[in-house]
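Structure, as structure tokens:
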Amino acid sequence: MSSSLDLKAITEQFFAAYDGHDVDGMLALCADGAQGRYLPYGKKSDMPIRGGLEQIWRGLLGAVPDFGVEVVEMIQGEGNIVVVQALLGGAMPADVPGLVTKGKSDRIAHAYIIRYSAERKIMRLDCYWDNTAINAIKASVL
């Protein structure tokens, strides 16, 4: 397996592409057949990255034009795992008292567990976030 520096550098590339709204660049770092899961969508939210998470990424970037990513911490785990703590978001579509201000660019904490193949490609991406904040934002927009 690759050194932890290699995996951290690849992980940094992935989040830089996300921050740069480059979904194709993100996908280039993923293995064929890579799987992912956004846990707040439910425990049965496993899906392929290509055609699954990819569509979520493209939709989010289209809906939040100033979307940005700030990596707060990156930890090399056992073997082929990198854990990332990041802040993601952009200008919010509505006020949610105590959470976000309409039009202000706010970010919500996310945690990623990323597993790599022997070829140094992302083969599994699991993501957790503060779903209470997301649900409050969605409810305030409707």
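Sequence positions, counted from 1, serve as the residue numbers for this chain. Values below: every heavy atom of this structure, side chains too, minus hydrogens, waters and symmetry copies.
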How far does CD1 of I113 sit from CD1 of I81, to the nearest 0.5 angstrom?
7.5 Å
Main-chain N/O of F67 paired with H21 side-chain donor or acceptor, under 3.5 Å
yes
Please check: side-chain N/O of S45 versus main-chain N/O of Y38, any donor-acceptor pairing under 3.5 Å?
yes
Please check this pair: side chain of R50 against backbone of C30, looking for a donor-acceptor N/O pair closer than 3.5 Å.
yes
Hey, any chance W129 and V72 share a hydrophobic cluster, counting ILVMFWY side chains that come within less than 4.5 Å of each other, even indirectly?
no
Any side-chain heavy atom of Q35 sitting closer than 4.5 Å to one from L125?
no
Compare all side-chain heavy atoms of V83 with those of M74 and state whether any distance is below 4.5 angstrom.
no
Short question: side chain of E54, backbone of G51 - any donor-acceptor pair under 3.5 Å?
yes
With a 4.5 Å heavy-atom cut-off, do Q85 and H110 have their side chains touching?
no
Please report the shortest heavy-atom distance between G90 and V64, naming the atom on each side.
CA-CG1, 3.6 Å
With a 4.5 Å cut-off on side-chain heavy atoms, are L53 and M26 touching?
no
Could you tell me whether the side chain of N80 and the main chain of Y116 form a donor-acceptor pair under 3.5 Å?
yes
Just wondering, do Q13 and L29 contact through their side chains at under 4.5 Å, heavy atoms?
yes
D6 and R120, any side-chain heavy atoms less than 4.5 Å apart:
yes
Between the side chain of Q76 and the main-chain N/O of G79, is any donor-acceptor distance below 3.5 Å?
yes
Any side-chain to backbone donor/acceptor pair from K8 onto I75? Under 3.5 Å, distance only.
no
Can V23 and Q55 be said to form a side chain to side chain contact (heavy atoms under 4.5 Å, CB included), step by step?
CA-CA 9 Å; V23 175; Q55 296 307 316; over 6 Å; no
4.5 Å side-chain heavy-atom contact, I108 and L87:
no
Polar side chain donor-acceptor pair, Y112 to T11, under 3.5 angstrom:
no
Is any NZ, NE, NH1 or NH2 atom of the basic residue among K121 and D32 found under 4.0 Å from an Asp or Glu carboxylate oxygen of the other?
no
Between D46 and R124, is any pair of side-chain heavy atoms under 4.5 Å apart?
yes
Please report the closest heavy-atom contact between L61 and Y18, naming both atoms and the distance.
CD2-O, 4.2 Å
Taking every non-hydrogen atom, the tightest pair across G25 and A17
C-CB, 4.1 Å
Aromatic ring pairing W57/F14, orientation class (parallel under 30°, perpendicular over 60°, tilted between):
perpendicular
Path from M47 to M123 over hydrophobic side-chain contacts below 4.5 Å:
no
